[in-house]
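Heads up, the thing below is written out as structure tokens.
Please read these numbers as outputs of a predicted model, since none were measured by experiment.
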Amino acid sequence: MKIGCIKTGCIKTATPRLQGLQGLGCAGAQVVQSLGQWLGWLLVWGVLWVGVTPGVEAGALADRITDFPHWIHPPVTRPVQGDLVYPQWFEGTWQATSTLVEQVAPLAPGVVTPGFDRNSSQLQKPVSFPVRFVRHIPPQDRVNTFLLLPPAQDSQVVADRAFNGLSIAQAYVGESGVVSVTVNDRNPNEQLTRLQGNVQLLTVVSDRATETPNSTQFITTEVCQQIFRGLSSPFLNLVETTTAYQYQPPLAQQPARMSADQITAIYLSPQDPDYFKAGDHPVALYRYQLHLQRL
């Protein structure tokens, strides 16, 4: 896996208010103060707009979750190909609640991102927003449909990336702070978020892996590169998000639910003055508990 480009929330040369951002830039004091929380979430829910990748060695991602916070290097992943395909039980609209439950600075006090201490104010504070997953016809099958030929494979369940990105951004930054969230029509792994003040965040998922331990569990990890535009100087970051989902089928009058353990790891980019101190070690780890209920 290639590591060293762009990602979220680690560059120590950036202003303190920008630290911890994982998917957006900042525009105005109020927006910037909220960005630290939502950014971790853009990555966190970057899982909602990634692509299909063959699973890695069985159990590797599950072991990674279990090993938290003893992470010393990025996960084993592969370059992305297309959109991230979810199990069938993801389909639908869900009310999601995310709670930051733990944060760790593995290399402290030698290397600590400036936004790390500020993000501690968000511990144990749940944030809610709707997300949805929809059926999608793979590109090669669209041609078959046009030619009235049978599809090569069944439709797939993917995240509604634009809807989810906007929903999450508004929950963390506020409706007035977000101008738009768009996904590249030709590349589902590329998302552009526009904020007030002509600030833009380009997020590109570069690598990922998945595991399906059983019929009600799904684990995915992805590595994203982020470029912040409209700031006084370029802002680059590299972020990994690993999430383990557990599905709970509907019972009687109780709707289907999902719970998830989600960890966001921040790595320094080569442009950071502390890059050689940290190497491939994460400099900040954030653990979230997710709860989703189908609407």
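Phe133 and Val157 make their closest contact through CB-CG1, 3.9 Å (heavy atoms, listed as atom of the first residue, atom of the second, distance). Contact between Ala171 and Ser128 at its shortest, heavy atoms only, is CB-O, 3.8 Å. Nearest heavy atoms, Val205 versus Val80: O-CG2, 3.5 Å. The two atoms that bring Pro282 and Leu107 nearest to each other are O-CG, 4.0 Å, heavy atoms only. Here the closest heavy-atom approach between residue Ala105 and residue Phe116 is recorded as N-CZ, 3.5 Å. Closest of all the heavy-atom pairs between Tyr267 and Pro74 is OH-CA, 3.3 Å.
When side chains are defined from C-beta on, Thr182 counts as touching Arg194, because their heavy atoms get closer than 4.5 Å. Contact check for Ile219 versus Pro213: side-chain heavy atoms found under the 4.5 Å cut-off. The side-chain heavy atoms of Leu290 and Trp94, taken from C-beta on, include no pair separated by under 4.5 Å.
When each of Gln254, Arg257, Gln248 is tested with Gln293 by the rule side chain to side chain donor-acceptor pair (under 3.5 Å), just one qualifies, namely Arg257. Applying the side-chain contact (heavy atoms from CB on, under 4.5 Å) test between Tyr286 and each of Leu100, Val104, Ile263 identifies Leu100 as the sole match. Across Thr264, Asp261, Val101, a single residue satisfies side-chain contact (heavy atoms from CB on, under 4.5 Å) together with Tyr288, and that is Thr264.
Side-chain N or O atoms of Asp67 include none that pairs as donor or acceptor with a backbone N or O of His70 at under 3.5 Å. Using a distance-only test at 3.5 Å, with no hydrogens or angles considered, no donor-acceptor pair links the side chain of Arg161 to the main chain of Asn184. Between the Gln225 side chain and the Val204 main chain, no donor and acceptor come within less than 3.5 Å of each other. No donor-acceptor distance shorter than 3.5 angstrom exists from the side chain of Thr93 to the backbone of Leu295, with no hydrogens or angles considered.
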- Query: For Glu102 and Leu285, what are the C-alpha separation, side-chain angles and deciding distance, and is it a side-chain contact (heavy atoms from CB on, under 4.5 Å)?
  - Reply: CA-CA 8 Å; Glu102 186 177 1; Leu285 296 169; over 6 Å; no
- Mind running salt bridge (Lys or Arg N to Asp or Glu O under 4.0 Å) on Arg64 and Glu240 for me, showing each step along the way? CA-CA 12 Å; Arg64 188 165 180 80; Glu240 167 207 345; 2.9 Å; yes
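Asn214 and Gln217 share a side-chain donor-acceptor pair at under 3.5 Å. Side-chain atoms of Gln246 and Thr216 form a donor-acceptor pair, as typed in the model, at a separation below 3.5 Å.
Taking the six-membered ring for Trp and thresholds of 30 and 60 degrees, Phe129 and Tyr172 have ring planes inclined between 30 and 60 degrees apart.
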